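Just so you know, these numbers come straight off a predicted model, no measurement behind them.
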Amino acid sequence: MVLTALDGEAADSIAERRFIARGKDGDRTVVLALPPSSADPARWAAEAMSARKLALPGFVRITGLGTSSGLPWYTAEYRPLLALPAVLGAHGGPLPEPTVRALGASLASSLALAHAHGVAHAGLSPEAVLVGTEGPRIGCFGAARVAGPDGCARSAVSWLHPSCLAPEQASGGKPRPAGDVYALGAVLSYAITGHTVPETGELPASLRSLVSRCLARDAAQRPPASALAEELADARAEAPRGTVLDVSAPLPLPGTVIAALVRQSAALLAAEVRIDSQR
């Protein structure tokens with residue numbers, strides 16, 4: 001099997017190490033995910049299994065589970081995707097507001113679906129958001145639950161994004177939907193400013209109230225994900241000049257991001273051609 005880190009995300013500092021994996025014959029390509037080396041492999045495997053059973057739109061679709069030399073893994077269908085930090089890197093900075101609103105509406109809708117099933121994602125962060133022309137997919141399912149059981153503080157876990165961890169989860173509280181809303185606020189702040197903890201006045205006025213409500217320290221003051229999805233969808237603005245609109249996609253992605261996705265696909269195709277030439 002040939003492995004390539006997905007946008008440099010093989011680092012041990014995020015909730016899952018992701019690779020583009022190709023069979024030696026080059027006839028099958030998947031995303032392969034492994035746990036951080038310091039994570040409890042049994043807890044990580046249990047969350048991967050739960051994510052596969054949940055199988056909701058907007059979440060990474062897990063196609064296979066297994067263990068190799070005691071290390072659990074899962075595979076997911078491959079499509080050109082960039083983690084949100086790589087999206088901002090490709091664009092050269094924060095994203096246009098219409099793109100952020102569309103991204104937020106899609107993420108909130110996916111979270112609302114999970115919440116309607118009685119499930120908290122408990123792992124949303126910029127690194128967990130994978131963006132492609134067909135819309136975003138959320139990975140890193142259950143990262144907070146992997147970090148430790150309820151009652152154990154999670155604030156010192158190196159591969160959890162501290163700014164995306166709701167205060168009640170950081171102190172050991174059970175991950176609940178309100179914690180996902182807090183993380184969504186941090187992700188939206190990151191997408192529009194480049195920071196999960198925005199400075200005063202850094203957020204555009206049109207998003208300031210929404211993000212602030214998401215980031216309320218009191219979980220009871222945060223709005224439900226379903227309400228956020230409606231609010232973000234209703235307020236979407238026209239895409240700015242330079243934005244490429246794919247009629248089959250829910251996101252108005254900037255041309256710089258489209259180009260980065262094309263480069264990823266081209267690199268994979270070139271690797272497959274090399275495999276073919278070596279047969």
Any donor and acceptor pair, going by atom type alone, linking the side chain of [X] with main-chain N or O of [Y] inside 3.5 Å?
{"X": "R52", "Y": "T63", "answer": "yes"}
{"X": "T99", "Y": "P252", "answer": "yes"}
{"X": "S106", "Y": "A102", "answer": "no"}
{"X": "E127", "Y": "L84", "answer": "no"}

Verify the distance criterion only: is there a donor paired with an acceptor across the side chains of Y182 and Q169 at less than 3.5 Å? no
Under 3.5 Å, is there a donor on one side chain and an acceptor on the other for S38 and W159? yes
Given the rule in the ring pair (Phe, Tyr, Trp, His ring centres under 6.0 Å) test, do H121 and F141 qualify, once you have shown the distances and angles that lead to the verdict? CA-CA 6 Å; H121 178 273; F141 182 83; 5.5 Å; yes
From [X] atom [atom1] to [Y] atom [atom2], the distance as rounded to the nearest 0.5 Å:
{"X": "I192", "Y": "E97", "atom1": "CD1", "atom2": "CD", "result": "5.5 Å"}
{"X": "K53", "Y": "I62", "atom1": "NZ", "atom2": "CD1", "result": "12.0 Å"}
{"X": "E47", "Y": "D40", "atom1": "CD", "atom2": "CG", "result": "11.0 Å"}

Nearest heavy atoms of [X] and [Y], plus distance in Å:
{"X": "W44", "Y": "A33", "value": "CH2-O, 3.4 Å"}
{"X": "G185", "Y": "V211", "value": "O-CG1, 3.6 Å"}
{"X": "A120", "Y": "H115", "value": "CA-CD2, 4.3 Å"}

Report yes if some heavy atom in the side chain of S110 is under 4.5 Å from a heavy atom in the side chain of L56; otherwise report no. no
Ion pair check, E168 and R222, cut-off under 4.0 Å: yes
Using the side-chain contact (heavy atoms from CB on, under 4.5 Å) rule, pick out the option among V129, L253, L130, V87 that qualifies with L82. V87
